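A quick write-up on the structure given underneath.
All of these numbers come straight from a predicted model, not from anything done at the bench.
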Amino acid sequence: MRKAVAALVFISVTALAGGAMDVDAVPNPLAAAGSWVGDNGGVLGPEYIALIHAACESLKVKTSAEFAVITVDDLGGLPIEDFAARLFKRFGVGEAGKENGLLLLFSRDDRQVRFEVGYGLEGTIPDALASRILDEQALPFFKEGQYGRGIFATVKK
């Protein structure tokens, strides 16, 4: 009986939440699967996941910078800046002491994308450059519904 009640409560809470993504429930793909890519929004497919992971791994080998790419269904009502900052901190993107991490967050249902840049890379990738990269690389593909292609073009840049 307790299991049935617990299941009903879980179903009710899930229905009320509308499937919203909780930032604290987003799995760290590096810890979970050894990948720099977490496609929680289901927009990439295995080919783009492999291509994006390879590009992130290549960047790590060449520069020691760490680049994580996360997609989600939605932001659960949080501003994308807050969601990305919390993920960035929780995942610990970037090497300790260097703070050389990058996070690209894409929310499918909210139709938003954001770069989160570690302090150690702010001189190399200031906000204006990050915004321009997204405008030039990601958004043209996103407008066509080609999310994997847009994210890959952004990561390669």
Side-chain angles (χ1 to χ4, degrees), residues 9-33 35-45 48-49 51-53 55-57 59-60 63 65-157:
V9 170
F10 175 77
I11 290 168
S12 298
V13 170
T14 304
L16 289 173
M21 193 68 164
D22 178 10
V23 68
D24 294 324
V26 176
N28 181 332
L30 192 60
S35 177
W36 294 108
V37 183
D39 185 24
N40 306 288
V43 297
L44 297 176
Y48 276 115
I49 290 171
L51 287 169
I52 294 165
H53 170 77
C56 293
E57 191 65 29
L59 179 70
K60 170 92 172 136
T63 68
E66 295 180 354
F67 196 160
V69 176
I70 304 295
T71 71
V72 295
D73 292 340
D74 64 60
L75 301 168
L78 285 176
I80 194 165
E81 298 83 3
D82 294 347
F83 201 105
R86 286 177 60 184
L87 273 185
F88 188 85
K89 183 176 180 180
R90 188 165 63 85
F91 288 178
V93 183
E95 292 182 350
K98 290 186 177 181
E99 303 203 28
N100 59 344
L102 293 165
L103 173 76
L104 179 65
L105 174 64
F106 172 72
S107 175
R108 183 193 65 214
D109 295 348
D110 296 301
R111 301 178 53 91
Q112 293 185 46
V113 63
R114 170 150 177 98
F115 261 126
E116 193 69 28
V117 180
Y119 293 124
L121 292 176
E122 285 184 342
T124 305
I125 307 172
D127 290 344
L129 176 59
S131 181
R132 189 171 72 234
I133 290 170
L134 291 173
D135 287 347
E136 293 174 359
Q137 302 301 318
L139 296 184
F141 292 113
F142 289 0
K143 288 177 184 175
E144 301 296 321
Q146 297 178 10
Y147 305 117
R149 193 168 177 192
I151 292 170
F152 180 56
T154 301
V155 171
K156 281 190 343 182
K157 186 67 175 167

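When the options Val72, Ile80, Leu78, Asp74 are evaluated for a side-chain contact (heavy atoms from CB on, under 4.5 Å) with Asp110, the one that passes is Asp74.
Judged by distance alone, the side chain of Asn100 and the main-chain N or O of Glu95 form a donor-acceptor pair under 3.5 Å. Of the possible polar contacts, one joining the Asp39 side chain to the Val43 backbone as a donor-acceptor pair under 3.5 Å is found. Ser35 contributes no side-chain N or O that, together with a main-chain N or O of Leu30, makes up a donor-acceptor pair within less than 3.5 Å.
In terms of heavy atoms, Pro126 sits closest to Gly123 at CD-O, 4.0 Å. Between Asp73 and Gly41, the closest heavy-atom pair is OD1-CA, 3.4 Å. Thr124 and Leu129 make their closest contact through O-CD2, 3.5 Å (heavy atoms, listed as atom of the first residue, atom of the second, distance). The minimum heavy-atom distance between Trp36 and His53, with the atom names listed, is N-ND1, 3.1 Å. Nearest heavy atom pair, residue Leu105 against residue Phe83, reads CD2-CD2, 3.6 Å. Across Val155 and Cys56, no two heavy atoms sit closer than the pair CG1-SG, 3.9 Å.
The CD1 atom of Ile52 lies 8.5 Å from the CG atom of Leu104; values are rounded to the nearest 0.5 Å. Taking CG of Leu87 as the reference point, atom CG of Asp24 lies at 8.5 Å (rounded to 0.5 Å). To the nearest 0.5 angstrom, Gln137 atom CD is 11.0 Å from Phe142 atom CZ. Atom CD1 of Ile70 sits about 13.5 Å away from atom CZ of Phe106, to the nearest 0.5 Å. Note that CG of Leu134 and CZ of Arg132 are 11.5 Å apart. Values are rounded to the nearest 0.5 Å. Between atom CZ of residue Arg86 and atom CG of residue Asp22 there is a gap of 7.0 Å, rounded to the nearest 0.5 Å.
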*side-chain contact (heavy atoms from CB on, under 4.5 Å) between Val93 and Phe67, intermediate numbers included*: CA-CA 7 Å; Val93 183; Phe67 196 160; over 6 Å; no
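For residues 111-131, the pairs satisfying salt bridge (Lys or Arg N to Asp or Glu O under 4.0 Å) are Arg114-Glu116, with sequence neighbours left out. Listed by first then second residue, pairs satisfying salt bridge (Lys or Arg N to Asp or Glu O under 4.0 Å) with a partner in residues 145-157 number zero, not counting sequence neighbours.
Phe141 and Tyr147 have their aromatic ring centers separated by at least 6.0 angstrom.
Residues Ile151 and Thr71 have side chains in contact (heavy-atom distance under 4.5 Å, counting atoms from C-beta outward). With contacts defined as side-chain heavy-atom distances shorter than 4.5 Å, the pair Val37/Tyr48 does not qualify.
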